[in-house]
Amino acid sequence: MEIIEITKRTPSLIEQLVVVWEKSIKATHLFLSAGEVEEIKKYVPQALNRIAHLIIARDESSRPVAFMGIECIVSLIFNISVTSIMKRQMKLSDKGISAFLWHLPFGNATVF
């Protein structure tokens, strides 16, 4: 396994990462319907191309098996007031806030 930062994002790589994203979402986000996953999936290539730092893990065959996007490095401390600000600014539901906060300790929270 190799972990690298991607500097050149080819259409082929983006397609492979969308597949990785979709498999991960379907395995972990059971609260999303198939239609919701398909709707969100439309925006994934754009997000992958725009994120400042794209880090991927590749297997022995050089196929992407995981990725992480980092826009900026910040320390996040959440409390009730921050959560309410997020809801207003990002228009997230309680379920969306919970999902976002759950991802933070794992380093894979991404907001489109």
Side-chain angles (χ1 to χ4, degrees):
M1 176 115 19
E2 177 184 35
I3 298 174
I4 59 168
E5 181 171 1
I6 298 300
T7 55
K8 184 176 180 191
R9 299 168 196 192
T10 64
S12 174
L13 175 64
I14 296 300
E15 287 176 22
Q16 291 173 335
L17 294 177
V18 169
V19 170
V20 171
W21 174 86
E22 187 172 15
K23 286 180 182 179
S24 173
I25 292 299
K26 287 181 176 180
T28 60
H29 290 64
L30 303 178
F31 55 89
L32 292 174
S33 70
E36 289 170 320
V37 171
E38 286 302 313
E39 185 63 29
I40 296 167
K41 182 179 172 182
K42 295 175 189 176
Y43 301 99
V44 174
Q46 177 183 348
L48 290 170
N49 278 306
R50 286 186 164 181
I51 197 76
H53 302 278
L54 180 60
I55 314 319
I56 70 165
R58 299 191 299 198
D59 65 12
E60 294 76 22
S61 301
S62 293
R63 288 185 311 236
V65 294
F67 67 89
M68 171 177 63
I70 303 170
E71 191 60 39
C72 63
I73 299 173
V74 294
S75 243
L76 298 174
I77 300 172
F78 283 91
N79 58 35
I80 291 173
S81 63
V82 172
T83 301
S84 63
I85 290 168
M86 284 177 64
K87 279 186 190 180
R88 284 196 306 273
Q89 290 182 344
M90 297 167 26
K91 298 180 176 130
L92 292 176
S93 64
D94 287 334
K95 185 166 52 170
I97 291 289
S98 297
F100 180 79
L101 295 176
W102 185 84
H103 283 81
L104 286 176
F106 303 105
N108 60 357
T110 301
V111 178
F112 295 85

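With sequence neighbours left out, the salt bridge (Lys or Arg N to Asp or Glu O under 4.0 Å) criterion links E60 to no other residue. Every residue two or more places apart in sequence or in another chain that forms a side-chain contact (heavy atoms from CB on, under 4.5 Å) with I4 is listed here: E2, I6, I56, R58. For K42, the salt bridge (Lys or Arg N to Asp or Glu O under 4.0 Å) criterion is met by E39, not counting sequence neighbours. Residues passing the side-chain contact (heavy atoms from CB on, under 4.5 Å) test with S33, sequence neighbours excluded: E36. Judged as a side-chain contact (heavy atoms from CB on, under 4.5 Å), and not counting sequence neighbours, the contacts of S61 are D59, R63.
For the atom pair CG (L54) and CG (L48), the distance works out to 6.0 Å, reported to the nearest 0.5 Å. Residue T10 holds its OG1 atom at 7.0 Å from CD of Q16, rounded to the nearest 0.5 Å. The line from CD1 of I14 to CZ of F67 is 9.0 Å long, rounded to the nearest 0.5 Å.
A single hydrophobic cluster is seen to contain both V20 and V37, as judged by linkage of ILVMFWY side chains at heavy-atom distances under 4.5 Å, directly or through other members.
Applying the salt bridge (charged side-chain N to carboxylate O under 4.0 Å, His left out) definition to pairs two or more places apart or across chains, those involving residues 8-25 are E22-K26, E22-K41.
Hydrophobic cluster membership of V65, counting Ile, Leu, Val, Met, Phe, Trp and Tyr whose side-chain heavy atoms lie under 4.5 Å apart directly or via other members: M1.
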